[in-house]
Every structure is written in structure tokens, then in C-alpha cells.
Amino acid sequence: MPEEIESTQDAVITEEIPKEETGYMYSLSARAFYPKGIISQQPYVDAGSLPGDLTDISDEDYAAFFNPPEGYSSVFDESGPHLEKIPEPDYKALADKDKQALLDQATQAITVWQTKLLMSRKLTEKESASLNAWMDYIDVLNDTDLSDAPDVQWPAKPSN
């Protein structure tokens, strides 16, 4: 909207006030976003922190960067801000890791009994039954099919 400015000669001058530019720009060197308008950039100019490599980014791309669609993540790298598809998890590798953790727990559970046997000490009936239950569990765990990952049917741990 034009603003009327009264001059010293009592004449009315109509001057168009420039509108502040809206939107955002990004800097690769700073890996940051900055407002587009000159007025909005002034604090950065005054502080000496406005990078010289500003590049326009569309409002749609800016909004998507901060609210990526499902299955995507925001990345700001040497090519600028963009979205990347999140890769599917490696369910087989995750299942292998879970299996190893379960085997480690089982091994820890039987360590005392194994030590007793190595020292030629006898186990109580309860200890012997527990050791056999854990050994059976380890056998079943080693035979567990991981091809259905992430829907692996893990065996139940012995109750001790």
C-alpha cells in the first residue's frame, strides 16, 4: 500500500514502501538457514555472521526439511539440505545380534556350574537339572531359524 509522505514544499509525494521478502536461504559453508529479507538479515550483517554463499530454497523444500514425510530423514551435507529415504533395517543382522546376546546370557548362567565340573566337584540334583535345561536352551537357540526376522520365534529361557 503506498504511503503518503508530505514534503517540505507542501506537495504530497506518493512513495512505494518495499515489502520485506519472505522465505529462506541456506548456506553450505555454515550448514544453516537464514531469512531471505534484507531487514531480517540485518542482525546477521551487523554481527558479521551472514555467509556469502546463500542459496534460495523453496518454501516447500524448507517445510519438508523440518517436517519430513514418513520414511524420510532430513540431511544437510555438502550438497545442501535435502531428504533421504531411510533404509530398511537389516532384520537378519539384528536377529543375529539378538541371538548372540541370548547366547551370552545363557553362557553366563551356566558358568558357575561349568567351573564346578571342571574342578571335579559334584552338582546337586537341582544344579544338574538347571545346567541341562540351559544346555537344551542353548541347543535350541543355536538351531533357531533367523530367516523369518524380524518375526523370529525365540525359545523360552529356562526358569532356573
Side-chain angles (χ1 to χ4, degrees), residues 1-112 114 134-160:
M1 166 184 282
E3 184 178 299
E4 294 182 359
I5 301 173
E6 197 170 310
S7 74
T8 56
Q9 301 169 349
D10 293 333
V12 175
I13 301 172
T14 304
E15 185 179 300
E16 186 73 30
I17 296 177
K19 288 188 176 183
E20 172 76 348
E21 206 174 346
T22 60
Y24 292 91
M25 304 175 89
Y26 68 89
S27 163
L28 284 177
S29 63
R31 292 202 180 174
F33 294 93
Y34 294 86
K36 214 180 244 188
I38 294 171
I39 296 169
S40 298
Q41 289 178 354
Q42 194 58 49
Y44 298 100
V45 172
D46 293 344
S49 62
L50 187 68
D53 64 340
L54 294 178
T55 303
D56 283 338
I57 184 170
S58 71
D59 291 341
E60 295 79 24
D61 288 346
Y62 180 81
F65 185 83
F66 287 102
N67 189 19
E70 190 168 327
Y72 288 84
S73 67
S74 300
V75 176
F76 200 135
D77 59 18
E78 59 279 346
S79 63
H82 58 277
L83 300 178
E84 286 187 359
K85 186 161 180 54
I86 298 171
E88 287 293 318
D90 183 350
Y91 293 116
K92 172 72 169 69
L94 293 172
D96 282 333
K97 188 175 179 180
D98 290 345
K99 180 179 179 178
Q100 188 58 53
L102 292 170
L103 286 168
D104 291 345
Q105 290 171 5
T107 302
Q108 187 173 2
I110 65 173
T111 300
V112 172
Q114 287 178 322
W134 277 102
M135 293 304 297
D136 291 344
Y137 170 75
I138 290 171
D139 289 341
V140 173
L141 193 55
N142 278 320
D143 291 338
T144 300
D145 182 15
L146 303 182
S147 64
D148 291 333
D151 300 319
V152 176
Q153 299 301 313
W154 298 108
K157 290 181 187 175
S159 58
N160 258 354

Residue list, side chain to side chain contact (heavy atoms under 4.5 Å, CB included) with T107, at least two apart or on another chain
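T107 satisfies side chain to side chain contact (heavy atoms under 4.5 Å, CB included) with no other residue.
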Verify whether one side chain among D104 and Q108 offers a donor that lies under 3.5 Å from an acceptor in the other.
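Short answer, no.
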Taking side chain as C-beta onward, heavy atoms only, is [X] less than 4.5 Å from [Y]?
X: T22; Y: K36; answer: no
X: D77; Y: E84; answer: yes
X: P89; Y: L94; answer: yes
X: L103; Y: I138; answer: yes
X: Q105; Y: Q100; answer: no
X: P35; Y: Y44; answer: yes

Are F65 and F33 an aromatic pair, judged by ring center distance below 6.0 Å?
yes
Below 6.0 angstrom between ring centroids: does that apply to Y34 and Y26?
no
[X] to [Y] - nearest heavy-atom pair and separation:
X: N142; Y: K99; answer: O-NZ, 3.3 Å
X: Y137; Y: P155; answer: CE1-O, 3.6 Å
X: L83; Y: S74; answer: CD2-OG, 3.8 Å

Taking atom [atom1] of [X] and atom [atom2] of [Y], what is their separation to the nearest 0.5 Å?
X: N67; Y: Y62; atom1: CG; atom2: OH; answer: 12.0 Å
X: L50; Y: M25; atom1: CG; atom2: CE; answer: 8.5 Å
X: Y91; Y: L146; atom1: OH; atom2: CG; answer: 15.0 Å
X: K92; Y: K97; atom1: NZ; atom2: NZ; answer: 14.5 Å

Is NZ or CZ of K85 both nearer than 6.0 Å to the six-membered ring centre of Y72 and within 45° of the ring axis?
yes
What pairs with T111 under side chain to side chain donor-acceptor pair (under 3.5 Å), at least two apart in sequence or on another chain?
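Not a single residue meets the side chain to side chain donor-acceptor pair (under 3.5 Å) criterion with T111.
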